[in-house]
Amino acid sequence: MVDVLKKMMLHVAEFMEIILAIYLVAVLVMIIGRTVVCETPLIWAEDASIHHFLEESLMLAIAIEFVKMLSMHTPGTLIEVLLFAIARHMIVESLTPLQTLLLVCSIVVLFAARKYLLTAHDQKGMNEHVHGARGILKEMAKLREEKHAVETAFEETEQRKHRERAEKELLKKERENNA
């Protein structure tokens with residue numbers, strides 16, 4: 001009974017994470033739309049600052065990585081979220097040299113952990129947009145090849161049927177001529 005309850009709670013928690021991820025994606029889409037509509041005209045304002053735009057953009061990137069982390073549950077996605085958060089902090093905030101050194105060291109530690117401590121399974125999802133795009137292109141090429149193979153087979157079947165019909169007609173005419 002306890003195991004069933006644990007499994008049920010785990011499924012409920014996973015379902016709630018999916019709902020949260022969907023909610024965050026919807027909010028991100030709205031915020032990106034608002035940013036494009038409201039923030040873009042500010043570029044031409046006299047007091048426009050790249051700092052403001054970097055802060056907004058990096059915050060959105062962190063939120064997107066957070067959604068990926070909720071969806072994938074891998075150590076690799078957690079490391080990516082931390083890398084984005086640290087990079088944002090370094091770029092947006094004005095830091096002392098010691099703080100900057102500590103943040104750079106933490107980035108080095110995260111990269112080292114990613115390279116040497118994570119297995120291939122753990123790294124699933126990291127840079128998946130690159131691999132995903134390549135995978136999509138490979139899948140499209142494979143589908144094109146399969147479609148071509150099916151069309152070729154269909155054409156060959158049609159040609160064979162046409163040939164068989166022609167042979168039957170010839171046999172029928174020969175029989176009529178012989179009769």
Side-chain angles (χ1 to χ4, degrees), residues 8-147:
M8 188 174 73
M9 288 172 50
L10 182 63
H11 289 305
V12 168
E14 288 174 352
F15 182 71
M16 290 173 67
E17 281 182 342
I18 292 170
I19 290 173
L20 178 63
I22 291 169
Y23 171 74
L24 284 175
V25 168
V27 168
L28 279 169
V29 168
M30 289 186 281
I31 289 174
I32 289 171
R34 179 192 58 111
T35 301
V36 168
V37 171
C38 297
E39 303 286 332
T40 304
L42 296 178
I43 293 172
W44 290 280
E46 287 184 27
D47 60 343
S49 163
I50 190 71
H51 181 270
H52 173 72
F53 297 105
L54 278 174
E55 186 175 0
E56 291 287 323
S57 300
L58 290 172
M59 203 55 166
L60 289 171
I62 291 170
I64 291 168
E65 289 298 321
F66 185 73
V67 169
K68 283 174 52 178
M69 184 183 73
L70 282 175
S71 302
M72 294 184 166
H73 300 111
T74 62
T77 55
L78 175 64
I79 288 176
E80 280 193 355
V81 170
L82 292 173
L83 284 170
F84 271 93
I86 292 169
R88 179 201 173 274
H89 191 69
M90 284 179 61
I91 292 169
V92 173
E93 305 293 325
S94 54
L95 304 170
T96 66
L98 180 61
Q99 290 173 325
T100 304
L101 178 65
L102 289 173
L103 289 175
V104 168
C105 289
S106 63
I107 287 176
V108 168
V109 167
L110 287 172
F111 273 116
R114 184 167 94 172
K115 178 153 180 93
Y116 297 111
L117 299 178
L118 297 183
T119 64
H121 175 71
D122 292 337
Q123 292 184 15
K124 180 185 173 200
M126 296 178 66
N127 300 322
E128 194 164 88
H129 56 280
V130 174
H131 300 299
R134 287 185 192 139
I136 290 170
L137 292 175
K138 286 180 183 177
E139 191 68 29
M140 287 174 62
K142 184 178 175 183
L143 287 173
R144 255 189 234 121
E145 290 173 8
E146 289 175 0
K147 179 183 174 188

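In this structure, the side chains of Phe53 and Glu56 stay at 4.5 Å or more apart for every pair of heavy atoms. Using a 4.5 Å cut-off on side-chain heavy atoms (C-beta onward), Arg114 and Leu83 make contact.
The nearest pair of heavy atoms linking Ile86 to Ser106 is CD1-OG, 3.5 Å. Summarising the geometry of Pro75 relative to Leu118, their closest heavy-atom pair is CB-CD2, 3.7 Å, with the distance given to 0.1 Å. Across every non-hydrogen atom of Leu58 and Val92, the tightest pair is CD1-CG2, 4.1 Å. Of all non-hydrogen atoms in Ile62 and Arg88, the two that sit nearest each other are CD1-CD, 3.4 Å. Listed here is the closest heavy atom pair of Phe66 and Val81: N-CG2, 3.8 Å.
To the nearest 0.5 angstrom, Ile64 atom CD1 is 4.5 Å from Ile32 atom CD1. Between the CG atom of Leu28 and the CG atom of Leu24 there is a distance of 6.5 Å, given to the nearest 0.5 Å. Rounded to the nearest 0.5 angstrom, Leu103 CG and Gln99 CD are separated by 7.5 Å. How far SG of Cys38 is from CD1 of Ile31: 11.5 Å, rounded to the nearest 0.5 Å. To the nearest 0.5 Å, the span separating CE on Met69 from CZ on Phe84 amounts to 13.5 Å. Atoms CD and CG, on Glu65 and Leu70 in that order, are 11.5 Å from each other to the nearest 0.5 Å.
In this structure, Met90 places its CE atom where more than 12 heavy-atom neighbours from other residues, nucleotides or ligands lie under 6.0 Å away.
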Could you walk me through whether Lys142 and Glu139 pass the salt bridge (Lys or Arg N to Asp or Glu O under 4.0 Å) check? CA-CA 5 Å; Lys142 184 178 175 183; Glu139 191 68 29; 5.1 Å; no
